[in-house]
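Have a look at the structure below, then the notes.
Indexing begins at 1, ligand by ligand and atom by atom, following the structure's order.
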Amino acid sequence: MSKPIAIEVYNPNGKYRVVSTKSMPGTRWINLLIEQDCRVEICTQKKTILSVEDIIALIGDKCDGVIGQLTEDWGETLFAALSRAGGKAFSNMAVGYNNVDVNAANKHGVAVGNTPGVLTETTAELAASLSLAAARRIVESDQFMRAGLYDGWLPHLFVGNLLKGQTVGVIGAGRIGSAYARMMVEGFKMNLIYYDLYQSTRLEKFVTAYGEFLKANGEQPVTWKRAASMDEVLREADVISLHPILDKTTYHLINKESLATMKKEAILINCSRGPVVDEVALVEHLKQNPMFRVGLDVFEDEPYMKPGLADMKNAVVVPHIASASKWTREGMATLAALNVLGKIKGYPVWGDANRVEPFLNENAPPPAASPSIVNAKALGLPVSKL
Ligand SMILES: NC(=O)C1=CN([C@@H]2O[C@H](COP(=O)(O)OP(=O)(O)OC[C@H]3O[C@@H](n4cnc5c(N)ncnc54)[C@H](O)[C@@H]3O)[C@@H](O)[C@H]2O)C=CC1
Ligand SMILES: O=C(O)C(=O)CO
């Protein structure tokens, strides 16, 4: 028999059993579940990534809903186990849900939630931080100081790239990509080129208005361009940031050929998902082009890096922390809990997953709805009128 998994229980007599595979920041999410008669069980096992077997043990014989993590493999086996236990709701504590087989969830009638919006600015800020760190060689300089190597100012010491007046390229100008673009355009007066399957009218209007403001004040206006192809972005941009979802169309979007298209001194940022970049090809490109720099929050074989990456001075690497601000992580936990609660209580699905603010207001009860269910249509779930 497999060993029991360590858990912490809140409101043991609650009618609905909700399991969270990890402890999550804040207490609001726990309180919201308890107030609605849920028994909340939080896995406290000291193991970063739970296996499918671990999660099956957590689900047990009776489970109404699960809040899970992006590191877990939510496919046929887990949705079948949840459905057998009477469960009808699962939510990722993440906006990305490439770890979830939504077709399997549909087959078992399980609603799949995600947490859009609450992490948009926080993630974009990390992409901007990596852009600056790479452009101005901040990590290399920090290591140099700590190694006691600084013996005086020099004209050539850690010379990097000026962002002002250069072109920022965004691939995937959705919520996060657009927020990042605005930060780089407004903060550093960069021109924008973007590629997305859809037009980002709001972003275009923003850059136009800011350009007019600069011009009216006697400054060089910023410009925008929607590229007809990704290659156009790669050829023209000085800093390129990746923000698409991960699916079949974006797997290895950046590979040997696309890297060769980019400027020799370009900066590449990835805060989307690791497999969007062919990391082996990237390591080789970094070796061959010492002036090319990258900032990576995500990795192809997370938590591992491909051989050679850790040795590259022209790479800044951080451990998937783009959404790691206190406000955002507490908000993600709240949205994930409310997704599960909404389905358990038979509430409708919120009508606009881009406008989740009413669920995040700590001074008012949240709307009686699930904030974001990605398979609402497939399951025929009712949608709430805003
Ligand atoms: N590193 C981290 O901690 C975080 C990573 N993420 C990742 O960022 C992704 C994007 O999040 P949001 O901006 O909220 O999603 P979103 O859905 O608003 O934006 C994604 C954009 O990618 C575009 N897209 C899809 N396929 C494309 C293709 N083949 N080529 C170009 N563009 C394409 C879509 O049209 C959409 O505009 C998430 O799916 C997640 O994987 C999100 C939050 C934190
Ligand atoms: O939300 C996501 O998709 C993440 O990667 C974690 O912030």
* Asked: Does any N or O atom in Arg273 lie less than 3.5 angstrom from one in ligand 2, N or O only?
  -> yes

* **Polar contact flag for Gly96 and ligand 2 (N/O pairs, less than 3.5 Å)** => yes

Is there a donor-acceptor pair under 3.5 Å between the side chain of [X] and the backbone N or O of [Y]?
X      : Y      : answer
Arg137 : Val159 : yes
Asn375 : Val102 : no
Thr328 : Ala324 : no
Glu302 : Phe299 : yes
Arg39  : Pro12  : yes

* To do: Run the numbers for me: atoms of ligand 2, each under 4.0 Å from some heavy atom of Ala94, listed by number.
  => 1 (O), 2 (C), 3 (O)

* Structure fact -> A student checking ligand 2 against His320 at a 4.0 Å heavy-atom cut-off should list atoms 4 (C), 5 (O), 6 (C)

* Identified side-chain hydrogen bond (donor to acceptor under 3.5 Å, both in side chains) partner of Asn92 from the options Thr115, Asn339, Asn99 -> Asn99

* **Passing option when Asn161 is tested against Gln166, Arg293, Arg136, Glu265 for side-chain hydrogen bond (donor to acceptor under 3.5 Å, both in side chains)** => Arg293

Looking only at protein heavy atoms, which one is nearest to [atom], and what is the separation?
atom                    : value
atom 13 (O) of ligand 1 : Ile176 N, 2.9 Å
atom 29 (N) of ligand 1 : Thr249 OG1, 3.1 Å
atom 17 (O) of ligand 1 : Arg175 NH2, 3.8 Å
atom 20 (C) of ligand 1 : His243 O, 3.7 Å
atom 1 (O) of ligand 2  : Val95 N, 2.8 Å
atom 7 (O) of ligand 2  : Ser323 OG, 2.5 Å
atom 7 (C) of ligand 1  : Ser272 O, 3.7 Å
atom 32 (N) of ligand 1 : Gly172 CA, 3.7 Å
atom 9 (C) of ligand 1  : Pro244 O, 3.6 Å
atom 19 (O) of ligand 1 : Gly174 CA, 3.4 Å
atom 4 (C) of ligand 2  : Leu70 CD2, 3.4 Å

* Asked: Just wondering, are more than 12 heavy atoms of other shown residues or ligands nearer than 6.0 Å to OH in Tyr97?
  -> no

* Is atom CZ of Phe213 surrounded by more than 12 heavy atoms (other residues, nucleotides or ligands) closer than 6.0 Å? -> no

* Determine whether the side chains of Thr249 and Asp247 contain a donor N or O and an acceptor N or O closer than 3.5 Å. => yes

Can you check whether [X] has an N/O within less than 3.5 Å of an N/O in ligand 1?
X      : result
Asn98  : no
Thr123 : no
Cys271 : yes
Tyr198 : no

Heavy atom under 4.0 Å from ligand 1: found in [X]'s side chain, backbone, both, or neither?
X      : result
His320 : side chain
Asp297 : side chain
Val298 : side chain

* For Ser323, take its heavy atoms, then give the atoms of ligand 1 lying under 4.0 Å from any of them. => 3 (O)

* To do: Give the atoms of ligand 1, by number and element, whose distance to some non-hydrogen atom of Tyr195 is under 4.0 Å.
  => 30 (N), 31 (C)

* Among Leu234, Ile254, Ile171, Leu286, which residue meets the side chain to side chain contact (heavy atoms under 4.5 Å, CB included) test with Leu268? -> Ile254

* Hey, is Thr123 touching ligand 2 through its side chain, its backbone, both or neither, going by heavy atoms under 4.0 Å? -> neither

* To do: For ligand 2, indicate whether the residue Val298 contacts it via side chain, backbone, both or neither (heavy-atom separation under 4.0 Å).
  => neither

Working to the nearest 0.5 angstrom, can you tell me the gap between [X] [atom1] and [Y] [atom2]?
X      : Y      : atom1 : atom2 : answer
Leu58  : Ile5   : CG    : CD1   : 5.0 Å
Asn270 : Leu282 : CG    : CG    : 9.0 Å
Glu41  : Glu8   : CD    : CD    : 11.0 Å

* Only heavy atoms count here, so choose which of Thr328, Thr250, Thr115 is nearest to atom 28 (C) of ligand 1. => Thr250

* Which of the listed options, Thr122, Leu126, Asp196, Leu197, holds the heavy atom that is closest to atom 27 (C) of ligand 1? -> Leu197

* To do: Classify the angle between the aromatic ring planes of Tyr180 and His243 as parallel (below 30°), tilted (30 to 60°) or perpendicular (above 60°).
  => tilted

* Structure fact -> Heavy-atom closest pair (Glu300 atom, Val277 atom, distance to 0.1 Å) is OE1-O, 3.4 Å

